Chemist: 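Mind looking over this structure? Questions follow.
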Amino acid sequence: MYPAQFEYHKAGTVKEAVDLLAKYKDDAKLLAGGHSLLPAMKLRLAQPKHLIDIGKVAALAGIKEDGGTLVIGAMTTHYAIESSALLKSKCPLLPEVAGHIGDPMVRNMGTIGGSLAHADPAADWPAAAVALGAEMVAEGPKGKRTIKADDFFKGLLTTALAENEILTEIRVPAAAPNVKSAYAKFPHPASRFAVVGVAAVVTVDGGKISKASIGITGAGTKASRAKGVEAAITGKSADAASIQAAAEKAAEGVDVQADLQGSVEYKQHLLRVFAKRAMEAAAAKK
Ligand SMILES: Cc1cc2nc3c(=O)[nH]c(=O)nc-3n(C[C@H](O)[C@H](O)[C@H](O)COP(=O)(O)OP(=O)(O)OC[C@H]3O[C@@H](n4cnc5c(N)ncnc54)[C@H](O)[C@@H]3O)c2cc1C
């Protein structure tokens, strides 16, 4: 299958990309790793007249530490995150989640920024972003602004990014030694996308969970926090009974949607099972 005809533009800098977006407006789309956009174009679900390739914008790729914050450029590939020694030691949830995405080709081409901006309801990164309290940095004609992950995902394939803005970086706090995390995913057997995915970030003080942040993906139209679980586990022992009881609340307040992959009841059940697995795995980490 071939996409509809389009004009290709290669941006050298973020400013060039912002200027091209401002020039072509609704007719333009940014091209990152192409692993969501190009399939959509081939199916004619997207027919941009102008493609703005940001793949060679050096400032958009890479992982660094800035004080206690880890800064990941939007064009950083899933594989670069999966294999980052810095992230493995300071934010191990991100390499763990990256390893769950698609297959090696998808991980070598797809980018964290492309995935977050695309906001596929079954994508893995959004669960990690909300669980980690990530901040998204966007740049547009009026300059830069920061959007909290909780405010970033607005609905099906929709984010808080304006049409003329580029997601430039993702900022997450470096984890303190008593912050444990894990990702548990029920992958679709064909696509590997998440039927349900749960990212758990828990702070363990003297055997008790003093803080919990649970991000979920796959169940509804957008990633969200499982606030019922967070409230139920906070202040409790990190033991199997407390985790099981809290996980029972995984579907509370979540707008679970039925789709070709399962009914609402089935997905609610998966949420409870995978919330338990994610919290157990996080609490068991050294
Ligand atoms: C076979 C297959 C299996 C997959 N399995 C999984 C999986 O298991 N889990 C998972 O999470 N994902 C999966 N994916 C999706 C994959 O992770 C994509 O790489 C990702 O969703 C999009 O990233 P990209 O860099 O390819 O973005 P692109 O496809 O280039 O762009 C996606 C959209 O985001 C916009 N965009 C891109 N970058 C920016 C930016 N910096 N600022 C603003 N807008 C931007 C584009 O204009 C476009 O609308 C799979 C894909 C395939 C093809």
Side-chain angles (χ1 to χ4, degrees), residues 3 6 8-9 11 13-14 17-18 20-21 24-43 45-57 59-61 72-82 94 96-129 136-140 144-145 147 152-153 156-170 183 185-197 199 215-218 222-223 261:
F6 58 85
Y8 173 85
H9 308 264
T13 61
V14 173
V18 168
L20 284 163
L21 273 182
Y24 296 113
K25 300 189 170 64
D26 288 358
D27 286 336
K29 278 248 174 239
L30 296 170
L31 175 67
H35 269 54
S36 290
L37 180 57
L38 296 185
M41 288 172 65
K42 289 180 177 183
L43 293 167
L45 297 171
Q47 299 194 33
K49 295 198 176 77
H50 298 270
L51 265 196
I52 304 165
D53 187 348
I54 52 174
K56 295 286 178 232
V57 180
L60 287 178
I72 300 136
M75 277 302 302
T76 308
T77 62
H78 309 320
Y79 175 70
I81 294 170
E82 184 184 6
L94 291 176
E96 181 179 341
V97 169
H100 282 270
I101 297 176
D103 54 35
M105 195 171 102
V106 173
R107 295 198 288 277
N108 274 296
M109 291 300 295
T111 67
I112 187 169
S115 175
L116 292 169
H118 189 56
D120 190 305
D124 296 295
W125 285 131
M136 321 293 184
V137 181
E139 193 164 336
K144 288 188 187 183
R145 68 180 178 120
I147 308 160
F152 187 76
F153 303 103
L156 187 72
L157 305 177
T158 311
T159 69
L161 288 173
E163 295 221 324
N164 57 8
E165 283 182 319
I166 297 179
L167 176 61
T168 57
E169 60 190 34
I170 296 93
Y183 185 58
K185 171 180 180 180
F186 184 64
H188 186 281
S191 72
R192 313 306 295 167
F193 274 94
V195 178
V196 156
I216 61 171
T217 190
K222 61 174 183 141
Q261 295 164 39

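Start at 1 with the first residue, then count along the sequence. For ligands, and for the atoms within them, numbers begin at 1 and follow the listed sequence. The model shown is predicted, which means the values in this text are computed figures rather than measured ones.
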Chemist: Say you draw a straight line from CZ of R145 to CD of E165; how long is it, rounded to the nearest 0.5 Å?
Modeler: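 Rounded to the nearest 0.5 Å, the CZ-CD separation comes out at 4.0 Å.
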
Chemist: Identify, for atom 41 (N) of ligand 1, the protein heavy atom at the shortest distance, and state residue, atom and that distance.
Modeler: L167 O, 2.9 Å

Chemist: Indicate the atoms forming the closest heavy-atom contact of G99 with E82, along with that distance.
Modeler: CA-OE2, 3.6 Å

Chemist: Checking a contact table here: which protein heavy atom is nearest atom 7 (C) of ligand 1, and how many Å away?
Modeler: G102 N, 3.4 Å

Chemist: What's the shortest distance from atom 25 (O) of ligand 1 to any protein heavy atom, and which residue and atom give it?
Modeler: T111 OG1, 2.6 Å

Chemist: Identify the protein heavy atom lying closest to atom 51 (C) of ligand 1, giving its residue, its atom name and the separation to 0.1 Å.
Modeler: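 Going by distance alone, atom 51 (C) of ligand 1 is nearest to H35 O, 3.6 Å.
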
Chemist: Could you give the distance from CG (L161) to CG (N164), rounded to the nearest 0.5 Å?
Modeler: 10.0 Å

Chemist: Given G114, A190, A128, identify the one with the heavy atom nearest to atom 37 (C) of ligand 1.
Modeler: G114

Chemist: How does H78 reach ligand 1, by side chain, by backbone, by both or by neither, if only non-hydrogen atoms under 4.0 Å count?
Modeler: side chain

Chemist: Restricting to side-chain contact (heavy atoms from CB on, under 4.5 Å), what partner residues turn up for E169, sequence neighbours left out?
Modeler: V71, V137, R171

Chemist: Compare every heavy atom of E139 with every heavy atom of T168, then report the nearest pair and how far apart it is.
Modeler: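 Smallest interatomic distance, heavy atoms only, reads CG2-CB, 3.8 Å.
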
Chemist: Closest non-hydrogen protein atom to atom 52 (C) of ligand 1, residue and atom name please, with distance?
Modeler: V106 CG2, 3.7 Å

Chemist: Quick one: which of A17, G73, G34, P48 has a heavy atom closest to atom 28 (P) of ligand 1?
Modeler: G34

Chemist: Looking at every heavy atom in both F152 and L116, which two are closest together, and how far apart are they?
Modeler: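 Smallest interatomic distance, heavy atoms only, reads CE2-O, 3.4 Å.
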
Chemist: Of the backbone atoms (N, CA, C, O) and the side-chain heavy atoms from C-beta on, which set of I54 has a member under 4.0 Å from an atom of ligand 1: side chain, backbone, both, or neither?
Modeler: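 The answer is the side chain.
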
Chemist: Nearest heavy atom to atom 11 (O) of ligand 1 wins, so pick from V14, D124, L21.
Modeler: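 Of the listed residues, D124 has the closest heavy atom.
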
Chemist: Provide the number and element of each atom of ligand 1 under 4.0 Å from a heavy atom of S191.
Modeler: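 The list of qualifying atoms is 3 (C), 4 (C), 5 (N).
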
Chemist: Using heavy atoms and a threshold below 4.0 Å, how should the contact between P39 and ligand 1 be classified: side chain, backbone, both, or neither?
Modeler: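 Looking at P39 and ligand 1, no heavy atom falls under 4.0 Å.
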
Chemist: Which residue owns the protein heavy atom closest to atom 14 (N) of ligand 1, what's the atom, and how far is it?
Modeler: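 Going atom by atom, the protein heavy atom closest to atom 14 (N) of ligand 1 ends up being F193 CZ, 3.1 Å.
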
Chemist: Look only at interatomic distance and state if I101 has a nitrogen or oxygen under 3.5 Å from any nitrogen or oxygen of ligand 1.
Modeler: no

Chemist: Measure the spacing between CH2 of W125 and OG1 of T111 and express it to the nearest 0.5 Å.
Modeler: 10.5 Å

Chemist: Geometry only, no angles: is W125 polar-contacting ligand 1 at N/O separations under 3.5 Å?
Modeler: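 No - when backbone and side-chain N and O of W125 are compared with those of ligand 1, no distance drops under 3.5 Å.
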
Chemist: Go through the steps for L31 and L38 under the test side chain to side chain contact (heavy atoms under 4.5 Å, CB included), then give the verdict.
Modeler: CA-CA 9 Å; L31 175 67; L38 296 185; 4.1 Å; yes

Chemist: Say whether K185 and ligand 1 are in contact under the criterion: heavy-atom distance to a ligand atom below 4.0 Å.
Modeler: yes

Chemist: What is the nearest protein non-hydrogen atom to atom 31 (O) of ligand 1, stated with its residue, atom name and distance?
Modeler: L37 CB, 3.9 Å

Chemist: Do ligand 1 and R192 have nitrogen or oxygen atoms that lie under 3.5 Å from each other?
Modeler: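 Among all N and O atoms of R192, at least one is under 3.5 Å from an N or O of ligand 1.
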
Chemist: Which heavy-atom pair separates F153 from A119 by the least distance, and what is that distance?
Modeler: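 In terms of heavy atoms, the two residues are closest at CD2-CB, 4.1 Å.
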
Chemist: Does I166 come within less than 4.0 Å of ligand 1, judged by its heavy atoms?
Modeler: yes

Chemist: Considering only heavy atoms, which of A28, G110, S36 lies nearest to atom 20 (C) of ligand 1?
Modeler: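 The option holding the nearest heavy atom is S36.
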
Chemist: Quick one: do D124 and H78 satisfy side chain to side chain contact (heavy atoms under 4.5 Å, CB included)? Show the steps, please.
Modeler: CA-CA 11 Å; D124 296 295; H78 309 320; over 6 Å; no

Chemist: What do the steps show when you test D103 against R192 for side chain to side chain contact (heavy atoms under 4.5 Å, CB included), and what is the final call?
Modeler: CA-CA 8 Å; D103 54 35; R192 313 306 295 167; 5.9 Å; no

Chemist: Heavy-atom contacts with A32 under 4.0 Å: which atoms of ligand 1 show up? List them by number with element.
Modeler: 25 (O), 27 (O), 30 (O), 37 (C), 38 (N)

Chemist: Output all residues satisfying side-chain contact (heavy atoms from CB on, under 4.5 Å) with A127, sequence neighbours left out; order by chain, then residue number.
Modeler: Y183, A199, T217

Chemist: How far apart are the closest heavy atoms of A138 and I147, and which atoms are they?
Modeler: CB-CD1, 4.3 Å

Chemist: Grab the two heavy atoms, one from H100 and one from K185, that are nearest each other, plus how far apart they are.
Modeler: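 Taking every non-hydrogen atom into account, O-NZ, 2.8 Å.
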
Chemist: Return a yes/no value for A74: is any of its N or O atoms, backbone included, closer than 3.5 angstrom to an N or O of ligand 1?
Modeler: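 Min N/O separation from ligand 1 is not below 3.5 Å for A74.
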
Chemist: Look at atom 36 (N) of ligand 1 and find which of A194, G33, A117, P187 reaches it with the closest heavy atom.
Modeler: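 Selected option, by shortest heavy-atom distance: A117.
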
Chemist: With a 4.0 Å cut-off on heavy atoms, is I112 touching ligand 1?
Modeler: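 Heavy atoms of I112 never come under 4.0 Å of ligand 1.
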
Chemist: Determine yes or no for a side-chain-to-main-chain donor-acceptor pair under 3.5 angstrom, with S115 supplying the side chain and G113 the backbone.
Modeler: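 Not at all, since once roles are kept as given, no pair shorter than 3.5 Å links the two residues.
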
Chemist: Give me the nearest non-hydrogen protein atom to atom 46 (C) of ligand 1 as residue plus atom name, then the distance to 0.1 Å.
Modeler: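 For atom 46 (C) of ligand 1, the nearest protein heavy atom comes out as L30 O, 3.0 Å.
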
